[in-house]
> 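Have a look at this one before I ask anything.
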Amino acid sequence: MKQEKEDYVMDLEQRKAYVFDRKLSPNAGKREEQIKGLKRIVIHNAFTMQEIEKALENAEKYYPGKSTEPHFMHFNGDLHVVNSRGIMRGVRDEDLVHALGELIGKKIELEVRYYKDDIGMAFRRFKEFSFNQVAEIFRKIDKDAVKKEGGLYLLFGPHKSLSLNGLKPDFESVNDYLNYKLLHLGKKTVVAFDYIFADQARNVLGQIYSSLNSYFSDITVNVFHYGKIGLLDPARKIGDICIPVAALDENKIIEGDCRAYPISNQLCLDKNFSELFASSVKEKTYQGTTVNTISVLRQTRKALERDLKAGGNFLDMEWLVMSSLDHGFKSNYPRIKKINNFFAGIGSDKPLEGRTLADTEYPADKEKKIADAFVEIIKRS
């Protein structure tokens, strides 16, 4: 359903800042040139950066101020965007393109290209990216050590907030799909993934669970996730550390289905872990229900007020997807003994109060507190 522009949570200047910082050159002069010459944006889904870069030798490569993926501006007015990460990344790119055209007041042609000119093949390739990455991980980890310890630890969250205090990873991969590090915290084998999107999390976790089920028996997997979240609850402040205990789905709320799905979060269920986490972050934490949302640019006041009325306290895109994989997991992975989730986020924006991701200061020091606390839990568990 098309939303009226005046209903958007972001005002015009916020939308402009959010979109420009994620699609255009960070150089002000170059940005103006781009806007004047821009005619078409091409999104390449399920390609690697190397594949597109080779085909665009004459295009100027740059990184927008708030994007980790390279963009390529061609002299003919085409802007090429490479999406190597997943379905939701492609959805966000399309939202950004539509908004960019509205903001600069000109019609921009959008062309969406898929790997092998087939959307099905493209979506399959995203899964292949995750399969290949997980296969690489299981070639490199010490399976005997994991078996002896009885568990594997998965840490998801921005690497920029992960302090290892001089500890050198056993292996580190920087790639188009998803960066990761292999390391040991004491005797614990840890795979630390960088910032991740919802369908990436589903694909990667599914592949890891399948591999664990293949190579081990009676194995426990511990899943940690940290990152920024939106705040719906008016009582919460930007910078508050929030712990989800349940999740709502925004699309179902629209249909009138406000049932909450429980999240088995060990930071709430296990007193030892909750006390250790609290003593590590050294501040009050807040439990609540998160709302699984899919679009920042399409957020409207009406929709968010509906989410709040349904019982939502936070907004995020990963927790419902990640936690849903442990429901009935024995049917798919009978050799896995247990899946433990440890989820915590830092409030980064309050869209209903007009403080959006376009202009709020991201409290990275608080995010680092959560990452440090997770490292401590892994060491002492």
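This structure is a prediction, so every number in the text was calculated from the model and none was measured. One-based numbering along the sequence shown.
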> Once you round to the nearest 0.5 Å, how far does OG of S381 lie from OH of Y153?
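If I round to the nearest 0.5 Å, the distance is 3.0 Å.
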
> Closest approach of N265 and P244, non-hydrogen atoms and distance?
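For N265 versus P244, the nearest heavy atoms are ND2-O, 3.0 Å.
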
> Do D78 and E111 come within less than 4.5 Å of each other through their side chains, counting heavy atoms only?
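When only atoms from C-beta onward are counted, E111 and D78 do not touch, as no gap falls below 4.5 Å.
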
> Between D240 and K237, does any side-chain N to carboxylate O distance fall below 4.0 Å?
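Yes, this pair counts.
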
> Would the distance check show the side chain of E283 and the main-chain N or O of I241 forming a donor-acceptor pair, the cut-off being under 3.5 Å?
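Checked: no pair found.
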
> Is the shortest heavy-atom distance from the side chain of L164 to the side chain of L183 under 4.5 Å?
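Result yes, sub-4.5 Å side-chain heavy-atom pair found.
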
> Between L320 and Y261, is a side chain to side chain contact (heavy atoms under 4.5 Å, CB included) present by the stated rule, with each step listed?
CA-CA 8 Å; L320 176 58; Y261 300 86; 4.0 Å; yes

> Please report the interatomic distance CZ(R202) to CD1(I196), rounded to the nearest 0.5 Å.
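The CZ atom of R202 sits 11.0 Å away from the CD1 atom of I196.
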
> Whether the side chain of N132 engages the backbone of E128 through a donor-acceptor N/O pair (distance < 3.5 Å, no angle test) should be reported.
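Such a contact is found between N132 side chain and E128 backbone.
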
> Could you state the interatomic distance from NZ (K160) to CG (D194), rounded to the nearest 0.5 Å?
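Between atom NZ of K160 and atom CG of D194 there are 9.5 Å.
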
> Using a strict threshold of under 4.0 Å (side-chain N to carboxylate O), is an ion pair present between E149 and K187?
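Looking at K187 and E149, the cut-off is not met.
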
> Would you mind reporting whether L110 and R40 have side-chain heavy atoms less than 4.5 Å apart?
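Result no, sub-4.5 Å side-chain heavy-atom pair not found.
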
> Is it true that R380 and E376 make a salt bridge, defined as a side-chain N closer than 4.0 Å to a carboxylate O?
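Yes, R380 and E376 are salt-bridged.
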
> For side chain to side chain contact (heavy atoms under 4.5 Å, CB included), just list the numbers for L12 and L103, CA-CA rounded to whole Å, side-chain angles, deciding distance to a tenth of an Å, and then say yes or no.
CA-CA 8 Å; L12 182 62; L103 292 166; 3.5 Å; yes

> Please step through side chain to side chain contact (heavy atoms under 4.5 Å, CB included) for the pair Q299 and M10, ending with a clear verdict.
CA-CA 8 Å; Q299 284 179 345; M10 288 188 185; 6.0 Å; no

> Is there a side-chain contact between L167 and L185 (heavy atoms, below 4.5 Å)?
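With C-beta onward as the side chain, the pair touches.
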
> Would you say the side chain of H184 lies within less than 4.5 Å of the side chain of D170, judging by non-hydrogen atoms?
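They are in side-chain contact.
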
> Testing the basics here: between L297 and A99, what is the closest heavy-atom pair and its distance to 0.1 Å?
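Smallest interatomic distance, heavy atoms only, reads CD1-CB, 4.0 Å.
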
> Does atom NZ of K379 have more than 12 heavy-atom neighbours from other groups under 6.0 Å away?
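Count not over threshold, so no.
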
> Going by heavy atoms in the side chains, are V42 and R113 under 4.5 Å from each other?
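They are in contact (side-chain heavy atoms under 4.5 Å apart), so the answer is yes.
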
> Out of the candidates I370, T285, L231, only one should pair with C242 under the side-chain contact (heavy atoms from CB on, under 4.5 Å) rule; please name it.
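That would be L231.
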
> Just to verify, which of Y180, Y195, F193 counts as forming a ring pair (Phe, Tyr, Trp, His ring centres under 6.0 Å) with F156?
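The passing option is F193.
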
> Assert yes or no for the condition that the ring centre distance of H80 to H44 is strictly below 6.0 Å.
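Under 6.0 Å, so yes.
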
> When you compare the side chains of N83 and D93, does any donor N or O come within less than 3.5 Å of an acceptor on the partner?
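The answer is no; no qualifying pair exists.
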
> Looking only at heavy atoms, which two atoms of G312 and L248 are closest? And how far apart?
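Minimum heavy-atom separation between G312 and L248: N-CD1, 3.7 Å.
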
> Whether the side chain of T360 engages the backbone of S348 through a donor-acceptor N/O pair (distance < 3.5 Å, no angle test) should be reported.
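Checking the backbone N and O of S348 against the side chain of T360, a donor-acceptor pair under 3.5 Å is found.
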
> Atom CD1 of I219 and atom CD1 of I336: how far apart are they, to the nearest 0.5 Å?
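Here the rounded value is 8.5 Å.
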
> Strictly under 6.0 Å, is that where the ring centroids of F342 and F273 end up?
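Distance test on ring centres: under 6.0 Å, yes.
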
> Any salt bridge linking D21 with R31? Criterion: basic side-chain nitrogen under 4.0 Å from a carboxylate oxygen.
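A salt bridge links D21 with R31.
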
> Quick test of your reading of the model: are E51 and R125 salt-bridged, counting only N-O distances below 4.0 Å?
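Result for this pair is yes, salt bridge flagged.
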
> Is atom NZ of K106 surrounded by more than 12 heavy atoms (other residues, nucleotides or ligands) closer than 6.0 Å?
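Yes.
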
> State whether a side-chain donor-acceptor pair under 3.5 Å links S295 with D95.
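The answer is yes; a qualifying pair exists.
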
> Just verifying a value: how many Å separate H71 NE2 and L56 CG, rounded to the nearest 0.5 Å?
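These two atoms lie 13.0 Å from each other.
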
> Are the side chains of M73 and S25 in contact, using a 4.5 Å heavy-atom criterion?
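Sidechains of M73 and S25: no contact.
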
> Does N222 use its side chain to pair, donor to acceptor, with the backbone of N340 at less than 3.5 Å?
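Such a contact is absent between N222 side chain and N340 backbone.
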
> Should we count CG of N76 as having more than 12 external heavy atoms under 6.0 Å?
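Check passes, neighbour count above 12.
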
> How far apart are the closest heavy atoms of F126 and S84, and which atoms are they?
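Minimum heavy-atom contact is CE2-C, 3.8 Å.
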
> Which pair of heavy atoms, one from P70 and one from M49, lies closest together, and at what distance?
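For P70 versus M49, the nearest heavy atoms are CG-CG, 3.3 Å.
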
> Examine R236 relative to Y286 and say whether NZ or CZ is less than 6.0 Å from the centre of the six-membered ring and inside a 45° cone about the ring axis.
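Yes - R236 lies over the ring of Y286, closer than 6.0 Å to its centre and within 45° of its axis.
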
> Quick one: does K143's side chain have a donor or acceptor within less than 3.5 Å of a partner on F138's backbone?
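Checked: pair present.
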
> Step through it carefully: locate the ring centre of F374, locate the ring centre of F277, and say whether they are under 6.0 Å apart.
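Close enough - the centres of the two rings lie under 6.0 Å apart.
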
> With a distance cut-off below 6.0 Å to the six-membered ring centre and an angular limit of 45° from the axis, does R15 pair with Y8 as a cation-pi contact?
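Relative to the ring axis of Y8, which defines the angle, R15 lies inside both limits.
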
> Examine distances only and state if a side-chain atom of D359 and a backbone atom of T356 form a donor-acceptor pair shorter than 3.5 Å.
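Confirmed, D359 side chain pairs with T356 backbone.
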
> Look at the side chain of K147 and the backbone N and O of Y215, then say whether any donor-acceptor pair between them is shorter than 3.5 Å.
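No; zero donor-acceptor contacts below 3.5 Å.
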
> Please determine if R22 forms a cation-pi arrangement with Y18, meaning its NZ or CZ atom is less than 6.0 Å from the six-membered ring centre and no more than 45° off the ring axis.
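Satisfied, under 6.0 Å and within 45°.
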
> Give me the atom names and distance for the closest heavy-atom approach of G65 to P26.
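Heavy atoms of G65 and P26 come nearest at N-CB, 4.2 Å.
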
> Apply side chain to side chain donor-acceptor pair (under 3.5 Å) to residues Y226 and K369 and explain how you reach the verdict.
CA-CA 10 Å; Y226 63 91; K369 278 189 174 185; over 6 Å; no

> For N341 and S264, test the side chains for any donor-to-acceptor distance below 3.5 angstrom and give the result as yes or no.
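There is no such pair (donor and acceptor under 3.5 Å, judged by atom type) between the side chains of N341 and S264.
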
> Check the side chains of S163 and N165 for a donor-acceptor pair under 3.5 angstrom, ignoring hydrogens and angles.
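Yes, side-chain donor-acceptor contact under 3.5 Å.
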
> Return each pair, listed once, that meets side chain to side chain donor-acceptor pair (under 3.5 Å) where at least one residue sits in residues 54-67; pairs must be two or more places apart or across chains.
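Passing the test, one end in residues 54-67: K30-E60, Q34-Y62, E53-K61, S67-E69.
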
> Parallel, tilted or perpendicular: which fits the ring planes of F343 and W319, with parallel below 30° and perpendicular above 60°?
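If you compare the ring of F343 with that of W319, the planes turn out parallel.
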
> Hey, are D118 and K116 close enough for a salt bridge, meaning a charged N less than 4.0 Å from a carboxylate O?
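Result for this pair is no, no salt bridge flagged.
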
> Could you tell me whether the side chain of N213 and the main chain of R335 form a donor-acceptor pair under 3.5 Å?
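Flag set: sc N213 to bb R335 pair under 3.5 Å.
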
> Check for me whether R85 meets the cation-pi criterion with F197, that is, NZ or CZ under 6.0 Å from the six-membered ring centre and within 45 degrees of the ring axis.
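No; the conditions do not both hold, so R85 does not lie above the ring face of F197.
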
> K23 versus P64: any side-chain heavy-atom pair under 4.5 Å?
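No, their side chains stay 4.5 Å or more apart.
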
> Kindly indicate, with the supporting measurements, whether the criterion side chain to side chain contact (heavy atoms under 4.5 Å, CB included) is fulfilled by I35 and F20.
CA-CA 10 Å; I35 291 174; F20 285 13; 4.1 Å; yes

> Keeping the roles fixed (side chain from K350, backbone from P234), state whether a donor-acceptor pair exists under 3.5 Å.
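Between the backbone of P234 and the side chain of K350 there is a qualifying donor-acceptor contact (under 3.5 Å).
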
> Between N179 (side chain only) and N175 (backbone N and O only), is there a donor and an acceptor less than 3.5 Å apart?
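A pair under 3.5 Å: yes.
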
> Can you measure from CE (M317) to CG (N292) and round to the nearest 0.5 angstrom?
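Interatomic distance, M317 CE to N292 CG, rounded to 0.5 Å: 8.5 Å.
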
